[in-house]
Amino acid sequence: MANRKRIGILGGTFDPVHIGHLRGALEVAEFMGLDELRLIPSARPPHRETPQVGAQDRLAMVRQAVAELAPLTVDDRELKRDKPSYSIDTLESLRGELAAEDQLFLILGWDAFCGLPAWHRWDELLQHCHILVLQRPDAGSEASEPLRDLMAARNVADPLALKGPAGQISFIWQTPLAVSATQIRSLLANGRSARFLVPDAVLAYINAHGLYRG
Ligand code: ATP
């Protein structure tokens, strides 16, 4: 199993990408010893409003953010698809490119995890990946019964003990940075600074393209 790869994926609208995403992703990647953690910007998120900024700008900002930030990378496959961005499609497509024994970790915040039963073909997700839930002390959502059943069947206490290419769930306790894209859009729309909330290269891109102005 020496050549088995460990790959994490973090989907999002990244409207814009910020230090909460990046610091969180880096911490998970280091803690889990991932070979790669791919940020996957979504084109038309099925569960939320249309992003304020176009796909190509959001992708360009993620590219700026992860440049020279190995093991963080960007994966643009959801933007190349002309269908809604369902995670199951992304996972199937990723799996088609990996060796059977490679481990795939889908990273979700607790709130996103609680919404899982509403996802397209949600009961098939664990056939392709493990799920790592970022637990946060201030989590407001509650797991529904189908999700509690799934956790009872698939939960592994130690994330570093997840075995095989897919099929289990584990929780990572992480100190979250209280930063959201919503907050950043609002600051910029009001003519305030977003310095230190996004990487300087992302801020330069935002300014150069006049994004998020009120
Ligand atoms: P918005 O404010 O527009 O809802 P967001 O800041 O939550 O956006 P998303 O692109 O929706 O960003 O997030 C993508 C992923 O990153 C989600 O799984 C989300 O839980 C996670 N995430 C967002 N903000 C943080 C943060 N501050 N710390 C850790 N993870 C975060």
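All values below come from the heavy atoms of this structure, side chains included, with hydrogens, waters and symmetry mates left out. Just so you know, ligand 1 is whichever comes first in the structure, and atom 1 is the first atom listed for that ligand.
Proximity of D15 to ligand 1 is not established, as no heavy-atom distance is less than 4.0 Å. Between Q183 and ligand 1 there is no heavy-atom distance shorter than 4.0 Å. Distances shorter than 4.0 angstrom occur between a heavy atom of G11 and an atom of ligand 1. Residue V179 places a heavy atom under 4.0 Å from ligand 1. Residue contacts with ligand 1: H18 is included, with a non-hydrogen atom under 4.0 Å away.
At least one N or O atom of R185, backbone or side chain, sits closer than 3.5 Å to an N or O atom of ligand 1. Ligand 1 has a nitrogen or oxygen under 3.5 angstrom from a nitrogen or oxygen of A181. When only interatomic distances are considered, the shortest N/O to N/O separation between G24 and ligand 1 does not fall below 3.5 Å. Close N/O approach between I107 and ligand 1 is not found [any backbone or side-chain N/O within under 3.5 Å]. When only interatomic distances are considered, the shortest N/O to N/O separation between L177 and ligand 1 falls below 3.5 Å.
The nearest pair of heavy atoms linking L134 to Q174 is CD1-OE1, 3.5 Å.
If you look at A112 next to ligand 1, there are no close heavy atoms at all, none under 4.0 Å.
Remark: of the listed residues I9, I107, L91, L91 is the sole one forming a side-chain contact (heavy atoms from CB on, under 4.5 Å) with C129.
Look at D76 and R63 and you find a salt bridge, because one of the NZ, NE, NH1 or NH2 atoms lies within 4.0 Å of a carboxylate O, short of that distance.
Listed by chain and residue number, F14, H18 satisfy the ring pair (Phe, Tyr, Trp, His ring centres under 6.0 Å) test with H21 (two or more places apart in sequence, or in another chain).
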Quiz item: Is there a side chain to side chain contact (heavy atoms under 4.5 Å, CB included) between I7 and L37 once you walk through the steps?
Solution: CA-CA 6 Å; I7 297 175; L37 195 160; over 6 Å; no
Could you pull out all donor-acceptor pairs under 3.5 Å where a side-chain atom in residues 146-172 meets a protein atom, sequence neighbours excluded?
from: R148; atom 1: NH1; to: A143; atom 2: O; distance (Å): 2.9
from: R154; atom 1: NH1; to: G167; atom 2: O; distance (Å): 2.7
from: D158; atom 1: OD1; to: L160; atom 2: N; distance (Å): 2.9
from: Q168; atom 1: OE1; to: K163; atom 2: N; distance (Å): 2.8
from: S170; atom 1: OG; to: V156; atom 2: O; distance (Å): 2.6

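Residue E97 qualifies as enclosed at atom CD: its count of foreign heavy atoms under 6.0 Å is above 12.
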